[in-house]
Amino acid sequence: MTQSRREFVKLTGVFAVMASAGLISTKEAFAQQQAWNKAAFEAKSLDETVKALGGPAATQSADISITAPDIAENGAVVPVAVTSKIPNTQNVYILVEKNPNSLAAGFAIPAGTDANVSTRIKMGQTSNVHAVVKADNKFYVATKEVKVTLGGCGG
Amino acid sequence: MKGITRVALAGAALALSCTAALAQKETADAIARYRQLLQDGNPAELVAARGEALWKEKRGPKKTSLEQCDLGLGAGVVKGAYAQMPRYFADADQVMDYESRIVHCMVTLQGFDRATAAKNPYSGTGQRQTDIEALTAYGVELSRGVPVNIPQEHPKEKAAFDRGKQLFYMRAGPYDFSCASCHGVTGQRIRLQDLPNISQNKEDAARAFTTWPAYRVSQGTLRTMQWRLNDCFRQQRFPEPVFASPATVDLITFLGVNANGAKMDSPSIKR
Amino acid sequence: MADPMRIRATEQPDGVDVRVLMSHEMETGQRRDSAGKIVPAHYISNVTVSHNGKQVLSAEWGPAVAKNPYLQFKFKGGKKGDKLTVTWVDNKGDTRTDEATIG
Amino acid sequence: MKRTFTFPFTLLLAVLSLVTVSLIGCAVYTAPTREETLQIVKSSFQDRGIAKLDRLNQSELQVACSEVALTGKELPKDLRARLEKQALATVKLPADGVYLGDFKQGERIAQTGVGMQWSDTDKTVAGGNCYACHEISPQEIAYGNIGPSLKGYRKLRGDTPAVVSYTWGKLWNSHAYNACSQMPRYGDANILTTAQIKDLMALLLDPNSPVNK
């Protein structure tokens with residue numbers, strides 16, 4: 001009696017652990033993937049991407065700055081930082097014009113977080129890099145060219 | 001008339017070469033800026049963290065960790081050891097670099113056979129870092145800021161340096177290249193890549209030795225000094241140097257002694 | 001199993017500076033292996049960073065984010081000793097969560 | 001005073017140096033010879049793909065040039081003359097008498113760096129990798145500086161028969177004009193084909209090549 005009861009308790013314990021560690025996080029993972037904007041990541045241009053993100057078009061803004069090298073020695077890793085001074089910035093997106101799909105990364109910026117994110121992207125070739133900002137549900141854009149050079153000896 | 005044309009032509013040529021030199025300088029500056037932007041957040045940290053876990057894990061037929069491995073400063077001392085290797089080890093009666101010594105400890109402490117321990121030392125594209133790479137990242141991280149001090153006391157240490165120097169200048173293969181073809185003169189470049197002159201103890205040699213191993217962004221992986229030699233020999237059109245073989249240790253000794261006095265700054269991050 | 005992330009969070013006068021390194025291949029789905037076969041896309045698609053249960057950043061990534069991704073940003077309201085949680089999920093459903101203490 | 005001080009000091013030095021000599025006497029260091037090193041080098045390499053161990057067997061030229069680089073000495077005059085003469089004798093001029101091919105192909109060959117590495121195969125069409133060391137066409141900014149700039153080659157040097165045959169010879173076997181040059185023997189070592197060398201010639205000497213614009 002006592003023993004089987006103890007077994008039962010143990011089992012529920014295991015289930016509880018599984019639920020908290022495995023099952024729930026898988027569910028969360030699934031939910032997050034659902035949220036991933038497939039259309040935006042498949043878009044082939046700045047305009048298409050902005051449309052997929054819900055905007056009509058993006059207007060040029062001097063309040064967005066892109067920190068990226070003028071020349072990237074290797075396109076596999078290109079450091080890019082975007083700062084937006086536009087009030088109520090909600091999202092920051094990094095696009096590479098000549099990549100097979102333009103959108104590389106998008107960030108949601110809640111209140112209290114600086115509209116300044118830094119990451120590293122891949123570039124297949126020399127291209128314009130666009131930083132798109134969504135603020136008060138309007139879209140803005142700034143652009144900078146990054147040259148990608150060839151590697152060295154032997155290949 | 002003729003004279004004037006000549007002067008004008010010379011002037012034009014001068015102006016042209018100045019523009020070219022300026023463009024070259026701008027390019028060099030832009031690339032320096034790129035490299036500087038990369039410094040923050042070196043993924044080699046991820047590799048070193050795994051190396052530390054591997055170092056402490058009980059592994060191999062003997063189910064032992066590497067914590068008693070003697071890297072030249074006594075059993076279990078990792079801090080500062082990388083900066084003083086290659087060195088002579090009495091227990092093996094030979095000079096060993098860090099990577100050779102890791103293999104030695106995997107064999108003697110953990111009971112791996114040598115062929116298994118030294119097999120596939122370098123990770124391929126899209127593969128996980130190898131154990132050797134992770135263990136090397138861990139070790140060199142613990143030598144950051146430590147001055148390079150490769151010993152030259154034992155006759156075998158001196159011989160390693162002298163052989164390493166001879167190999168450095170050895171021209172062979174269908175392209176007639178030696179290490180010195182690219183790394184024997186100061187201020188040279190392949191394409192836009194600066195080639196360090198590592199033939200003598202100067203700033204270049206110091207920077208080269210102290211910044212390997214490095215995370216290579218073009219390959220998305222951490223590369224060790226043994227790999228660095230391996231890939232140079234590939235481009236030299238030589239056959240392949242055997243991992244941790246005597247000639248590789250000799251060459252690393254030559255390069256290391258040429259960097260004596262400089263502070264280790266590795267793992268670094270490179271193009 | 002994915003390797004742990006390296007998270008550095010430091011309190012600074014103008015907010016908490018967060019730097020995260022993640023261990024991930026970030027395969028584009030365009031590379032061919034040595035046998036000439038396309039290596040399927042495999043990349044982190046979502047990242048969330050939470051402080052005291054509140055999301056301070058979330059990201060959606062595509063395969064054009066570089067291998068072993070790096071992320072840096074700043075938020076206000078955190079202090080030394082607070083916990084910060086970073087979770088990533090990739091397009092194959094693999095996930096990893098790591099925690100760091102703000103220093 | 002001074003003298004009495006100096007005497008025992010020198011004596012001390014002499015004794016000290018004697019002691020030092022006898023202490024390390026058991027391991028008097030002699031530098032490894034070239035042959036000893038070569039033996040260790042050969043045992044430290046292995047075949048991989050097309051890059052076989054026999055590549056470590058040096059030619060007379062390779063031995064001489066290695067020695068010069070190692071010691072920093074000048075190449076003896078007579079040896080230099082002999083090596084250059086031997087190199088010149090290897091140069092095969094085009095049988096059809098046509099020296100210039102297609103400069104566009106030449107540009108491609110100059111850009112490509114593959115060939116004869118263990119990562120290549122015997123099917124790999126080798127390039128010249130000229131940009132690794134030389135500035136050539138002005139639009140390519142990623143060029144090295146181990147060799148001299150070749151920009152405006154024809155404009156600066158002309159295209160007299162002497163320039164044409166010199167350029168051909170230099171590409172075929174660079175040691176013909178400068179023993180121990182760092183440049184590979186593109187023709188002599190079978191790195192490039194005669195047709196490829198013609199294309200490189202055109203890159204340098206065709207008036208329409210970007211090099212001469």
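Contact annotation for residues 163-187 of chain D against chain B (heavy-atom separation below 4.5 Å, listed by residue number): D:His175, D:Cys180, D:Ser181, D:Gln182, D:Pro184, D:Arg185. Of residues 246-257 of chain B, those residues lying under 4.5 Å from chain D by any heavy-atom pair are B:Pro246, B:Ala247, B:Asp250. Residue-level contacts of residues 37-56 of chain D with chain B, in order of numbering, are D:Thr37, D:Leu38, D:Ile40, D:Val41, D:Ser44, D:Phe45, D:Gln46, D:Arg48, D:Ala51, D:Lys52, D:Leu53, D:Arg55, D:Leu56; threshold 4.5 Å between heavy atoms.
Taking D:Ala189, D:Ser59, D:Ala69, D:Cys65 one by one and counting their heavy-atom pairs under 4.5 Å with chain B, the maximum is reached by D:Ala69. For the set D:His134, D:Arg34, D:Met116, D:Glu36, the entry with the most heavy-atom pairs within less than 4.5 Å of chain B is D:Met116.
For the residue pair D:Trp118 and B:Glu240, the shortest heavy atom distance occurs at CZ3-CA, 3.4 Å. The shortest non-hydrogen separation linking B:Leu192 to D:Ile141 is CD2-O, 3.5 Å. The heavy-atom pair separating D:Val114 from B:Arg237 by the smallest distance is C-NH2, 3.8 Å. Between B:Asp162 and D:Pro32, the shortest heavy-atom contact is CB-CD, 3.7 Å.
For B:Phe243, no part lies near chain D; criterion is any non-hydrogen pair under 4.5 Å. Looking at D:Thr33, the atoms closer than 4.5 Å to chain B (heavy atoms on both sides) all sit in the backbone: N, CA, C or O. If you measure heavy-atom distances from B:Ser181 to chain D, the contacts under 4.5 Å come from both the backbone and the side chain.
Under the 3.5 Å distance criterion, the side-chain polar atoms of D:Tyr29 are matched with a main-chain donor or acceptor of B:Ala159.
No side-chain donor from either of B:Arg171 and D:Gln62 sits under 3.5 Å from a side-chain acceptor of the other. No hydrogens or angles considered: nothing links the side chains of B:Tyr175 and D:Asn129 as a donor-acceptor pair under 3.5 Å.
Annotation for B:Gln127: atom CD counts as buried by contact number, over 12 foreign heavy atoms lying within 6.0 Å. Within 6.0 Å of the CD atom in D:Gln139, the count of heavy atoms belonging to other residues, nucleotides or ligands exceeds 12.
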Test side-chain contact (heavy atoms from CB on, under 4.5 Å) applied to D:Glu140 and B:Arg191, step by step: CA-CA 10 Å; D:Glu140 178 53 86; B:Arg191 292 263 182 176; 3.6 Å; yes
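Atom CG of B:Asp231 is separated from atom OG of D:Ser119 by 8.0 Å, given to the nearest 0.5 angstrom.
Annotation: ring pair (Phe, Tyr, Trp, His ring centres under 6.0 Å) contacts of D:Tyr153 (sequence neighbours excluded): none.
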